[in-house]
Engineer: 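Encoded as structure tokens, here's the structure I'll be asking about.
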Amino acid sequence: MIDVRDANKRFVAPGLRRRDEGPVVAVDHVSFSVGAGEILAVVGESGAGKSTVGRMLLGLERPDSGEVWVDGHELGDASERALRRIRRRMSLVLQDPYQSLHPGWRVRTAVAEPLAIAGVSQLERSERAASALEEVGLAPAADFVDRFPHELSGGQRQRVAFARALAGRPRVVVADEPTSMLDASLRRGILDLITAMRERLETTFVVITHDLAAARYVADRVVVMLNGQIVESGEIGQVLDHPANEYTKMLLAASEGRLPEEASCG
Amino acid sequence: MLRSRLVPRSVLAGLALAAALFMPAAGAQEPEQPRTVRIAISGYENNITPFNVSFGAFPVTHDLMHLVYDSLFWSQAKLEPEPWLAERATPNEDFTEWTVELRPGVRWHDGEPFTAEDVAFSFDYYERFPELSGRYAHHVFDVPPLEDAEVIDPQTVRLTFRQPAPQFPIMPGADLPIIPEHIWSEIEDPGTVDEELPIGTGPFKVTEIEPDQRYVMEANPQYFKGRPLVDRIEMPIVEDPSSAFQALRAGEIDQVARNLPPELVNQFADASGLEVLEGTRFESTQLYFNARRAPWSDPAVRKAISLAIDSQQLVDQVLLGQGREGNDGFIHPDSPWAGENNGHESDPQRAERMLEEAGYNAGSDGIRRDERGRPLSLEVLISSFDPLGLRAVEQVARQVRRIGVEVVPVALDPATLRDRRQAPEGEAPTYDAYLSTLETHAHADPDSLYYFFHSPGEKGFGAAITGWSNARFDELSERATAQPPQQRQALFDQMQSILAEEAPVVVLWYPDGNYAYRPAAYEGWISDPGHGIFTKRSFLPAYADTGAASTVEDVGESSVWPWVVVGLVALVVLGGIVAVRRRRTEDPEEDWGG
Amino acid sequence: MLRHAGRTIAQYGLVVAAIVVLNFALPRLAPGDAVDYLIPPEQAGTLTVEQRDRILSQYGLDEPVPVQFERYVSGLVTGDLQSSIRYGQPVVDVIGERIGWTVLLVGGAVMLAMLIGTLLGFRSAWRRGRRSDVGTLSGVMLVDSMPPFFVGMLLILVFSVALGWFPVFGALPGTEIAGLSAIGEILQRLVLPLVTLTLAAIGPIYLVARSALVSELREDYVLMARAKGLVGRAVRRHAQRNALMPVVTIGLLEVGALVGGAAVVETVFSYPGLGRLIYESVLARDYPVLQGVFLLLAIGVILANLIGDLLYPLLDPRVRRPPAAAA
Amino acid sequence: MSAGGIAVQLGLGRLRGQVSPAGRRLAAVGAGLLGVLFLLALLAPLIAPGDPSAPAGIAYQAPSAEYLLGTDDVGHDLFAMLVHGARVSLTIGVLSALVATVIGLGVALAAGWFRGRVESVLMRIVDLALSLPFLVLVIVLAAFFGRGLVTTVLVIAAVLWARPARVLRSQVIKVREFQHVVAARGIGASPLRLIFRHILPRVAPLGVAQFVRSATIAVLIESSLAFLGLGDPSRVSWGNILFFANQRSAFITDAWLWWVLPPGLALTAAILGFAFVGYAVEEWSDPRLGATPRRRARTGRPARPEAADDIEQAPGTVLDVRDLVVEYGPPATAIRAVDGVSFTVAPGSIVGLVGESGSGKSTTAMALLRLLPPGARVVQGAMLFDGRDLRALPPSAMTALRGRGVSLIPQSAMNALNPAYTVRRQVAEAAALLPRTAAAADARARELLEFVGIPSARQDAYPHELSGGMRQRVVIAMAIANEPHLIVADEPVTGLDVVTQVRILRLLAEVQERWGAAIVLVSHDLPLVSRVANELVVMHEGRIVEAGPAAAVTERPEHAHTRALLAPLAVQEGLA
């Protein structure tokens, strides 16, 4: 479903900064692939290039070199128009539930947006939006469709974001840190939602997270990134139980509250 | 770093300093000081040479320059101009030759003697640079064309004209400033601005030029008409008339070289410390039709509009009565050349009849149409800087609307306005009419009717100004110019009758002259018809009003209202200070909220 | 760094080039030309085409536009700004005579407005929501809402006519005096126009200073400053320093706006500054002067930008020492 | 047209910050002024029937019953002129501002959407437009199009559009990266949809602010142009009345009272009305500016709370919180954020205050330092610290205590450092609170920074040059500068990556060991906190649901909520 081959992306630091620092390398020779219906976790600290990979999968960033294949299309050289067509079979869930919904829109409008983009009729739209809401656990949908985002709790908002992501029945969903802003008690519900959706719709998920526990909870396979490079990847159990890379070990240790004593100052 | 606590303290300190610095100095006028008069003028005139004065952009130009330069004669729009640099001028039989005897013993400001060479040189020089010299040169090269200026002896010069020039002493004799040969013979570009240049024979020498700010002149003690009564004239440039009269009222200046606006006449006349002198202004404001353009080319339409205009009402309404109604014969009623039947005929009924007869019938909107169905809609161009003119057009529009003619005022800045009046060569200009104001020259010069209304030709400008032409008028005016002014009156009367009947222009009014000054500074002012009181004769012992030297207490006139405002401002400021002080005692930092 | 500087210079260069072209074109697009202004009205209609052309040729205005443009540009390169039509003097001299007054008036107004506006704005921000803040806020906005010409005339009415404290017009002493008293009188004549212009300029600066400090005061470092035991001025100092940057930006923006905007005030007070020169030169279609003044203004705007570029690093270390890219 | 009205129409009320009471009051005054003026303009034909430029009476009449504001130089009724002038001035103001804002918005959208070359070119044009003297433009345009209403509007818009363009562009760039916009792009929304459905509505509040601000300037420019004689003198506008007033010497006669003051004040009122409304709209469009003021209005100053004399601090505690109640919002509709919280802190111990967002844990922490956010207040309870009730301390004593007795490690430590000063200076500033020489304070700063793990080579760095973890270390150094007995650490590791989180917690434990300070450690991450805390206090919805020794709480959580907080994922999968 997804095949990334040797993708590279550099950013030039924006704004007032001096230009002689050289571009920031965001993604450095990254290759991986995801099968249909698979859940891949991309793990790493902030600044490791995870989010850039996610944006690349949607064609929101184009790689400087290398290829990004999604569902049989190469995104790197695709035209904007072609990209838009491809994106209609994909979806994106972002980290901040407070920002990822348009604050001026009712839930109904937000969830139906992908359907509107796909040209679904008004009547069908609201039906499908309602069923999408119930799929993500916001039932009965009638209680939610007329609310504004600020009238929902954080967890509910993130569910709405998922409902929107899934309403158009996408083949691929990229979820960028979907749980990191949520309280611990809500995290599991969202992760359960992802696995349930995969079961029901055979959607392919790419879950970007810094939380190894969350990765282990949902993912089939994992990619560990550091400074734009993939340092380790494989079956989730394999990687987390027998980490080969020092960095992966350190991440694991930290998530258990331990620190290798030799670790340098952060 | 900035500390907001310092605000009030530093402000107070600044105020104290300012107060110490700016307290008006008491007793500014000390007895030993030279007698100084401060006169606000309206614009910068470069270095006050005849070639550089602001090209007539400001009305004071002429008077300012005649303080520095003299002409052969001095005209007060009288039939017989007063000899000035000339002692007498004698024409030959057909007025083509004038022998001018000059006053002896005159010296230039730099000490060089004034001779016939200078006079001959001046005439030659003006002719060399006809374009640059603004209003002066065209009298030399155009009316009447000078053929030769010949020096007979150091006190005598003979001027030969291509045509009879019976009015020579008035024009250009009384108009053309005589310039020194020893200065100007060196100068190839008369437009040069050099502060050393303004050397004349006049009663005042230029001593300081601050562009756009002021001129200072000092008396020429050797002046041939006697040492001026004022030692020094300071002329700050105050373009805004309101500011200028404010300054006069506040006592910062002693005279404003402008006509006192009608609305101020009574107030300034009543004000203590100020006096108002009346004087004849040869000035008129008129509506020019573009007589090349239909339907304004139809005399019936023009005359009808003229008849619809109630000139007296305009004078009452806009000039507040400080003026006289227009004269259909154009010339100022006080001019020696004015016709017998002065005045403006206002008769809307007759106007309507004329338009009916000529076939202009009203449409459904009440506006008359010509035979091709075009409405009689007169677009009047007007300078947006002429408030009286703007008001006049507003009223004219109302008056003329009654006979079914629409007037649309179009306010433009002066350069745009003049541009609109022009047309590419060989084409007729496309404007309908414009409003403008003419100064002395138009009313005091016996040839003016010729210049303004003769068909285009060797000397006439008529077509260029109005596009109007009339064979009978041409013939009359040609005959007139060949005669001495004294003998032209009968012809003038006929010419003015034609103008009245054909109405190429409609004179709206002739404003009265009123001039305000501070007698405490100088009270010798006299009114020179056509010049106002800012004229060199006001400063000369032979002419100035040296009569009753009543001491006038110099008290700035003031009304009670500004004081009310002062009081209010003071209250607000005091209140603010109190409030600030009160607040300062409170600690903004902490609260019990936590 | 070099590439960045190169690009900046290239961009400024483009702006200057555009300004040069506009300076040339804009005045010429207006109807009428200098001759229309120069020649007295009664004579204007009487000029023959030849006479008109001769006058135009005096000022090089009869040449085809491309030739005029080329002469203008080559003049710029050699530093020759040509001569004023109205004043007959080299444009450099005409501007030179006024620039001092403009610097005094506009410069003084900007500085005063910056100072007072910043102090008041900071004070308001510190006491925001309280009565003194609301009072200052509405007071400043009230003053800012009065048209400058209206303020100027009222000031004249009160301080010149009624009180007689200050002269009504002009920049120079009425009589020839020298030394300290001349300076005193120059300052005295400066006061009213300066106050008017300062009042006109305070508003935006005050508002920016206030809102900048208000939002800085919401920053966590201010809370931290208080939490670590700092009081009053020490806390304010933390925030004020960071709030200065937008104030400087708006202040520099104001300079350009004020030079042109001063025309009204300079007219009311008959002050011989550049604003009035622009206004009158526009009316007189004095192209060389307009070109010169606009070029000067453009350079001024660019200089203000450069000053800003120099000042920002002093105010904000983030500009001075950008973080290492990979930090 | 009030800001609120627009907000309702666009359904934007929830997009933006609040308007402060002061802003609301100004907006009300402004809307009132504009309302009156617009009403005058609207009803002009009724109030002053007939053509205002028809001469009504004698010139230069003082106000009378017949002519409320007297007459002008040719006998126009000045009151009628004033009323009708409102139409022109307001129409021109609103129309020009509208045109300018629309142009500016268009340019901003184009620049912000396409970026790159298009943006460079457009922004250069904006720079150019900002530096163009408008006087020439006015004359050129007026000459081309005449001086009609349309021309004036176009001319003013031509001068005004650049500023909105510049301001709105940066907003467009910001909004473009908002998550819902990115998400919409991610599902293939078309540019039109993105611009009109997503970006435009969120730029709109700022657009409205820019529109109102442009209207102020437009009214001012129109009057200035008219005053300079560059307007259309046949149009009855306030600027035009003033033009004639000035030209016809109104300032020299007493006529200025009724001829100059009313139109001048009307202009001022119109501009002020726009400015006041604009101020409120700006607050509303920019969340940083609005919201409630830091402190209540003067009148609402509460009396000093009674010192809790009758309550003795529990022995062996450094902090004893009793029945603490904190409320937000106006008393009538107050929300209890902290509802009767009591706990104690033993000297030198770490107490973990744990709960999810909204549980009241941070409010409790900030109440301890009396640094509650605006609108919040302690309404009940006592906070006994070293034998004194913190709640009842006079402000000066509380200030003296901060940084010395109690110090804070605030939430989002990333932003707790002033970007303008080096970190050493900021630590030294804290150290200088005790009477120390500058050199001693500096030496102390070096020592502290060294202790928290900032080597001397990095001590002169500015905050932005340090990583998040290092910045948090600097904040800790500041907190311990004067050896306080109690450190309140409010979510000190949130937002840091996992490795750094552990390191910072370890540092806090070292701080407690080395300096013996008690620490109240506020966090939402119970497993993480339980690794360093001696005691745990679990909060939920403003109340304490469970408290006790850390080991006891984590091993035998009694309350369901505590169990939810304890790593729900790990329980199932057995990680950790």
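A, B, ... follow the sequence lines: proteins, then strands. Residue 1 opens every chain.
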Engineer: Counting only non-hydrogen atoms closer than 4.5 Å, does C/Val151 touch chain D with its backbone (N, CA, C, O), its side chain (CB onward), both, or neither?
Structural biologist: neither
Engineer: With a 4.5 angstrom heavy-atom cut-off, which part of C/Ile156 approaches chain D: side chain, backbone, both or neither?
Structural biologist: neither
Engineer: With chain D as the partner, which of C/Val222, C/Asp133, C/Leu142 has the greatest number of non-hydrogen pairs under 4.5 Å?
Structural biologist: C/Leu142
Engineer: Look at D/Ala481, D/Gly264, D/Gly23, D/Ala400 and state which one has the largest set of heavy-atom pairs under 4.5 Å with chain C.
Structural biologist: D/Gly264
Engineer: Return the option, out of D/Thr268, D/Leu433, D/Ile271, with the maximum number of heavy-atom pairs under 4.5 Å with chain C.
Structural biologist: D/Thr268
Engineer: Identify which part of D/Thr216 has an atom lying under 4.5 Å from any heavy atom of chain C, answering side chain, backbone, both or neither.
Structural biologist: neither
Engineer: Taking the six-membered ring for Trp, are D/Tyr421 and C/His238 parallel (under 30°), tilted (30 to 60°) or perpendicular (over 60°)?
Structural biologist: perpendicular
Engineer: Would you call D/Val423 and D/Met478 a side-chain contact if the rule is heavy atoms closer than 4.5 Å?
Structural biologist: no
Engineer: How many angstroms lie between CG in C/Leu154 and CZ in C/Phe149, if you round to the nearest 0.5 Å?
Structural biologist: 10.5 Å
Engineer: Is it the backbone or the side chain of D/Phe274 that comes under 4.5 Å from a heavy atom of chain C, or both, or neither?
Structural biologist: neither
Engineer: For C/Val248, check side chain to side chain contact (heavy atoms under 4.5 Å, CB included) against everything at least two apart and list the hits.
Structural biologist: C/Leu252, C/Leu311, C/Tyr312, C/Leu315
Engineer: State which residues pass salt bridge (charged side-chain N to carboxylate O under 4.0 Å, His left out) with C/Arg276; sequence neighbours excluded, sorted by chain then number.
Structural biologist: B/Glu239, C/Glu280
Engineer: Any chance you could lay out the side chain to side chain donor-acceptor pair (under 3.5 Å) test for C/Asp144 and C/Tyr206, step after step, and finish with the verdict?
Structural biologist: CA-CA 10 Å; C/Asp144 195 45; C/Tyr206 164 85; over 6 Å; no
Engineer: Side chains of C/Phe294 and C/Ile278, heavy atoms from C-beta outward: is any pair under 4.5 Å?
Structural biologist: yes
Engineer: Which residue out of C/Leu207, C/Val264, C/Val293, C/Asn242 racks up the most heavy-atom pairs below 4.5 Å with chain D?
Structural biologist: C/Asn242
Engineer: Please state whether the side chain, the backbone, both or neither of D/Val29 comes within less than 4.5 Å of a heavy atom of chain C.
Structural biologist: neither
Engineer: In the structure I gave you, are the side-chain heavy atoms of C/Phe150 and D/Leu267 within less than 4.5 Å of one another anywhere?
Structural biologist: no
Engineer: Would you mind checking which part of C/Ser138 comes under 4.5 Å of any heavy atom in chain D, side chain (CB onward), backbone (N, CA, C, O), both or neither?
Structural biologist: both
Engineer: Side chain from CB out, backbone as N, CA, C, O: work out which of these in D/Leu272 comes under 4.5 Å of a heavy atom of chain C, or both, or neither.
Structural biologist: both
